[in-house]
Amino acid sequence: MIGLLRKKKKKDVKIVYRYPNERVAIFIDGGNMFHAINAMKIKINYKKLVDILKKDRWLLRAYFYTGVPSGDLPKEIREQLKKQQGFLNELQNLGIKVKTIPLKKTPEGYIEKGIDILIATDMISLAFKDGYDTAILVSGDSDFVPVVEKIQELGKRVETAAFKKTSSYELRRVSDEFILLDNIKHKFSVPLYQEKKQEPERFIDRLKKFFEKLFKRSKK
């Protein structure tokens with residue numbers, strides 16, 4: 001029986017090293033998260049997510065990056081922008097620093113351009129300034145692979161966190177640690193459309209139905 005058990009090879013285990021008095025900075029790719037949660041039909045509590053990711057470490061700051069439409073907008077887009085602005089204001093009130101970039105208008109609609117560069121610039125700049133020991137990138141975009149490797153060359157650690165649906169193998173592979181958000185989503189999210197609980201029928205309502213039926217029978 002023992003001979004049938006396959007021992008886990010050492011190369012399969014990723015060793016996690018820690019800094020003493022570790023300082024972390026969190027960088028949230030809003031677009032990447034939006035695509036995942038939109039498909040999963042969930043709503044995220046970003047304050048809870050930040051607390052889970054930082055663990056017991058000292059947090060420099062959490063950043064949230066997203067694109068916003070600008071210019072002469074149709075009524076439908078203006079309504080969406082109003083809701084988005086309310087959401088971004090809420091993040092600011094929670095202590096999460098919001099960074100935005102104008103969306104590019106195309107014949108197909110609005111697309112996000114330049115967010116990856118903005119995130120990469122902030123991550124590398126803060127690493128050069130020794131602003132953190134570990135960067136936590138909340139994204140699964142493989143475009144960040146060279147960014148992660150550059151930050152590691154500067155002597156910093158990089159953790160990545162993403163949902164399986166929007167995470168790339170290449171980014172998981174180069175990260176010092178990967179957090180699969182699907183496994184812990186119950187700790188920081190709720191269903192987007194929660195089913196309304198059906199209230200139990202009150203005694204007075206059952207009594208009313210009884211007399212209505214009784215009255216109908218007596219009329220026959």
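Since we're looking at a predicted model, the values are computed, not measured. Numbering of residues begins at 1 and proceeds along the displayed sequence.
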- Decide whether Ile124 and Ile117 are clustered together by the hydrophobic rule: side chain heavy atoms of Ile, Leu, Val, Met, Phe, Trp, Tyr closer than 4.5 Å, transitively. no
- Task: Determine, step by step, whether Phe128 and Leu154 satisfy the side-chain contact (heavy atoms from CB on, under 4.5 Å) criterion, reporting the C-alpha distance in whole Å, the side-chain angles of both residues, the deciding distance to 0.1 Å, and the verdict.
- Result: CA-CA 7 Å; Phe128 266 113; Leu154 295 169; 3.8 Å; yes
Distance-only check: which donor-acceptor pairs under 3.5 Å involve side-chain atoms of residues 59-66, not counting sequence neighbours?
{"from": "Arg61", "atom 1": "NH1", "to": "Tyr63", "atom 2": "OH", "distance (Å)": "2.9"}
{"from": "Tyr65", "atom 1": "OH", "to": "Asp122", "atom 2": "OD2", "distance (Å)": "2.7"}

- Task: Give a yes or no on whether the backbone of Glu159 and the side-chain of Asp176 come within a donor-acceptor separation of less than 3.5 Å.
- Result: no
- Item | Interatomic distance, Lys41 atom NZ to Ser189 atom OG [nearest 0.5 angstrom] | 14.0 Å
- For Ile184, does the CD1 atom sit with more than 12 other heavy atoms under 6.0 Å from it, leaving out its own atoms? yes
- Query: Distance from Leu180 atom CG to Arg172 atom CZ, nearest 0.5 Å?
  - Reply: 8.0 Å
- Task: Would you mind checking if Asp130 and Arg23 are paired as a salt bridge, meaning a charged N to carboxylate O distance below 4.0 Å?
- Result: yes
- Note on the structure: Minimal heavy-atom distance between Lys99 and Leu118, with the atoms involved, is CB-CD2, 4.2 Å
- Item | Close side-chain approach of Leu181 to Met40, heavy-atom, < 4.5 Å | no
- Message: To the nearest 0.5 Å, what is the distance between OG1 on Thr160 and CZ on Phe178?
- Response: 5.5 Å
- Considering non-hydrogen atoms only, spot the tightest contact between Glu177 and Arg157 and give its length. OE1-NH2, 3.7 Å
- Check: Tyr132 side chain, Ile26 main-chain N or O, donor-acceptor pair, under 3.5 Å: no
- Query: So how far is it from Thr134 OG1 to Lys156 NZ, rounded to the nearest 0.5 Å?
  - Reply: 8.5 Å
- Closest heavy-atom pair, Ala39 versus Lys165, reported as atoms and distance to 0.1 Å, is CB-CE, 3.3 Å
- Hey, are Lys43 and Glu90 close enough for a salt bridge, meaning a charged N less than 4.0 Å from a carboxylate O? no
- Query: Under a 4.5 Å side-chain heavy-atom rule over Ile, Leu, Val, Met, Phe, Trp and Tyr, are Leu53 and Phe34 clustered together?
  - Reply: no
- Message: Can you confirm whether more than 12 heavy atoms, excluding those of Asn93, are under 6.0 Å from its CG atom?
- Response: yes
- Task: Heavy atoms only: give me the nearest Ala127-Ile151 pair and the separation to one decimal.
- Result: CB-CG2, 4.3 Å
- Message: What I want to find out is whether Glu170 reaches Arg173 closely enough, with some N-O distance under 4.0 Å, to be called a salt bridge.
- Response: no
- Query: Applying the salt bridge (charged side-chain N to carboxylate O under 4.0 Å, His left out) test to Asp51, which of Lys55, Lys47, Lys48 qualifies?
  - Reply: Lys47
- Note on the structure: When rounded to the nearest 0.5 Å, the distance separating CG of Asn183 from NE2 of His186 is 9.0 Å
- Message: Donor-acceptor pair, distance only, cut-off 3.5 Å: does the side chain of Asp182 make one with the backbone of Lys164?
- Response: yes
- Task: Return the set of residues passing side chain to side chain contact (heavy atoms under 4.5 Å, CB included) with Lys129 (not counting sequence neighbours), or none when no residue passes.
- Result: Ser125
Check: residues 136-149 side-chain donor-acceptor pairs under 3.5 Å, at least two apart:
{"from": "Ser139", "atom 1": "OG", "to": "Asp29", "atom 2": "OD2", "distance (Å)": "3.1"}
{"from": "Ser139", "atom 1": "OG", "to": "Asp141", "atom 2": "N", "distance (Å)": "3.2"}
{"from": "Asp141", "atom 1": "OD1", "to": "Asp143", "atom 2": "N", "distance (Å)": "2.9"}

- Note on the structure: Nearest heavy-atom approach of Ile115 to Gly67 is CD1-N, 4.0 Å
- Roughly how far, to the nearest 0.5 Å, is the NZ atom of Lys54 from the CD atom of Glu22? 11.5 Å
- Item | Identified side chain to side chain contact (heavy atoms under 4.5 Å, CB included) partner of Leu91 from the options Val50, Ile96, Ile28 | Ile96
